[in-house]
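Taking it in order: structure first as structure tokens, then the write-up.
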Amino acid sequence: MQLSKGQKVELTKGREAHEISIQLRWNTQHSGVGVDAAAFLLSDQNRCERDEDFIFYGNPVSREGGVAHSAEGENGADLSISLSRIPQHYARIAVTLTIYEGEQRNHRMKDLSGMQLTLTDRRTGEELYRFEYGADLSEETAVVAGELYRHQGEWKFSAIGSGYNGGLAALCRSYGLEVEQESGNEAAAAAELLERTPEVVEQTSELVEQTSEVVNKTPEVIRQPEAEPPVNVLSSINLRKKIVELTLVKKQLTGVTARVGIVLDITGSMRSLYARGVVQEVVERILAVASKFDDNGSLDVWVYDTEFSRLPPVTEQELGSYVFTHIMNNDSIHKFGRNNEPPVMQDVIGKYTKEEPDTTPVFIIFINDGGVVKPTRKVIMDASALPIFWQFVGIGDSDFEVLKQLDTMSGRLVDNASFIHLDRIEDVSDEELYDQLLNEFPQWLKAAKAKSIL
């Protein structure tokens with residue numbers, strides 16, 4: 001089964017696929033480009049709690065033997081995963097590729113082609129899923145290809161394919177590993193981690209031998225010839241636009257024009273969601289809404305913590321690795337501080353009512369993982385006579401005290417805000433997400449027209 005970027009599929013539910021082989025394949029555009037594969041065993045906080053939770057060529061087998069980095073060549077690498085041997089305190093396994101000393105050697109993801117990940121049932125040899133990715137990558141030096149994660153007692157797989165700069169060292173830091181790079185290259189980062197886990201390396205040879213026989217039986221299962229064109233499948237954004245179309249029909253919003261913007265929380269507690277590509281996927285999912293509402297098909301973007309930044313709008317043509325290019329790798333953006341919502345909300349209001357005055361309705365999706373300051377309520381109150389609807393989306397396990405009060409807040413000309421809570425937004429289907437996002441917008445449109453706001 002061919003997967004699209006952002007797609008999530010069952011691994012163990014309904015099948016006995018607990019022994020998984022992951023084959024990673026790629027082609028290099030020129031000699032000298034080195035590529036390393038790795039796996040990160042992550043807690044429910046999306047962190048490696050120990051250095052030995054980082055599985056790579058220098059530490060090829062996890063402590064309990066559940067994950068083994070069993071083979072690596074010029075154009076591919078294999079990982080063997082025994083899901084039944086993964087301890088309960090691990091919530092997910094991230095599978096990554098990095099370009100060796102990419103920044104130093106000026107090697108980038110654009111120097112690779114034919115990147116794909118295949119999951120195979122090692123017991124039967126059956127190919128379960130195949131994910132081709134990387135066509136939208138360019139200057140990045142690392143990519144999270146996908147993740148295996150627990151969900152309601154089973155294991156699932158998420159096709160991610162999101163890249164960013166910084167190579168191996170950046171990946172390690174994003175997953176909570178402290179690395180020292182005095183020599184200024186990625187090899188130093190790996191060596192520094194390896195030095196702290198000698199006892200693990202000594203235990204690996206026997207486990208690697210146990211997995212090599214299985215891996216060697218199917219060394220060419222998915223190797224893609226250089227001349228073979230990529231599979232012609234609908235992109236994930238096109239699939240999502242079709243789902244939005246169906247949702248608009250259901251909500252009686254067909255033909256409605258609206259300007260759409262997204263405000264992204266970039267406080268400290270959001271760090272792992274940016275690193276794992278979750279925020280990039282959220283932007284893509286919301287862009288599908290903007291593409292159906294907005295005449296120019298663009299999505300306005302803001303990020304905020306104690307400070308805020310208004311970013312260039314994102315379109316389908318510029319989506320790619322938008323979050324990492326315009327946010328994570330943008331030194332002018334203040335990141336990972338505390339919450340302060342009113343300033344960014346006032347900038348949103350200023351853009352649509354002063355800089356670009358128009359009675360076209362504005363639909364703002366406001367992503368937040370908790371800690372909203374109380375003065376936010378006053379901004380909402382004062383904006384109730386403006387053509388702006390605020391759809392707040394709470395992610396994570398905070399109590400969202402302030403946001404929960406929006407639906408019952410009195411004294412407004414119209415109810416101009418709604419709040420939904422999605423604990424793990426990455427696990428919510430597109431159908432459910434769009435259904436909830438667009439649930440109260442139609443009622444606001446009717447109320448705003450009745451009060452001559454629109």
Quick check: does any side chain N or O of [X] sit under 3.5 Å from a backbone N or O of [Y], one acting as donor and the other as acceptor?
X    : Y    : value
D305 : G337 : yes
Y274 : S174 : no
D111 : R108 : yes
S158 : I160 : no
D36  : Y57  : no
R338 : T267 : no
R47  : L177 : no
H421 : G396 : yes
R85  : E64  : yes
S4   : Q7   : no

Provide the closest heavy-atom pair for [X] versus [Y] in the form atom of the first, atom of the second, distance.
X    : Y    : value
E103 : G166 : OE2-N, 3.0 Å
N27  : N75  : CA-ND2, 3.6 Å
A94  : Y175 : CB-OH, 3.4 Å
P312 : H326 : CG-ND1, 4.0 Å
A39  : I93  : CB-CG2, 4.1 Å
T141 : H107 : CG2-O, 3.6 Å

Would you say the side chains of [X] and [Y] form a donor-acceptor pair under 3.5 Å?
X    : Y    : value
S82  : E19  : yes
S162 : Q280 : no
Q23  : T120 : yes

Can you find a heavy atom in the side chain of [X] that is under 4.5 Å from one in the side chain of [Y]?
X    : Y    : value
L148 : L83  : yes
L319 : D136 : no
I266 : F336 : yes
V301 : Y322 : yes
F40  : V144 : no
F392 : N368 : no
L264 : V283 : yes

Separation between [atom1] of [X] and [atom2] of [Y], rounded to the nearest 0.5 Å:
X    : Y    : atom1 : atom2 : result
K292 : T254 : NZ    : OG1   : 10.5 Å
D427 : Y149 : CG    : OH    : 4.5 Å
K156 : R150 : NZ    : CZ    : 14.5 Å
Q391 : L437 : CD    : CG    : 5.5 Å
K335 : N330 : NZ    : CG    : 6.0 Å
F400 : D369 : CZ    : CG    : 6.5 Å

Q. Taking the six-membered ring for Trp, are W444 and F389 parallel (under 30°), tilted (30 to 60°) or perpendicular (over 60°)?
A.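 If you compare the ring of W444 with that of F389, the planes turn out tilted.
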Q: Would you please test R15 and E126 for salt bridge (Lys or Arg N to Asp or Glu O under 4.0 Å) and show each step?
A: CA-CA 12 Å; R15 63 163 68 98; E126 176 192 2; 5.6 Å; no
Q: Any chance you could lay out the salt bridge (Lys or Arg N to Asp or Glu O under 4.0 Å) test for R25 and D78, step after step, and finish with the verdict?
A: CA-CA 9 Å; R25 299 292 183 265; D78 296 328; 3.0 Å; yes
Q.
Taking the ring of F131 and the ring of Y129, is the distance between their centroids below 6.0 Å?
A.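 No.
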Q) Please walk me through it: do I262 and V314 pass side-chain contact (heavy atoms from CB on, under 4.5 Å)? A) CA-CA 10 Å; I262 187 170; V314 58; over 6 Å; no
(Q) Taking the basic N atoms (NZ, or NE/NH1/NH2) and the acidic carboxylate oxygens, is any pair closer than 4.0 Å for K250 and D435? (A)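 The answer is yes: the pair qualifies as a salt bridge.
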Q) Can L422 and Q436 be said to form a side-chain contact (heavy atoms from CB on, under 4.5 Å), step by step? A) CA-CA 10 Å; L422 304 173; Q436 293 198 50; 3.6 Å; yes
Q.
Checking R276 now: which residues fulfil side chain to side chain donor-acceptor pair (under 3.5 Å) with it, not counting sequence neighbours?
A.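 Counting only residues at least two positions away or on another chain, R276 forms a side chain to side chain donor-acceptor pair (under 3.5 Å) with N46, E426.
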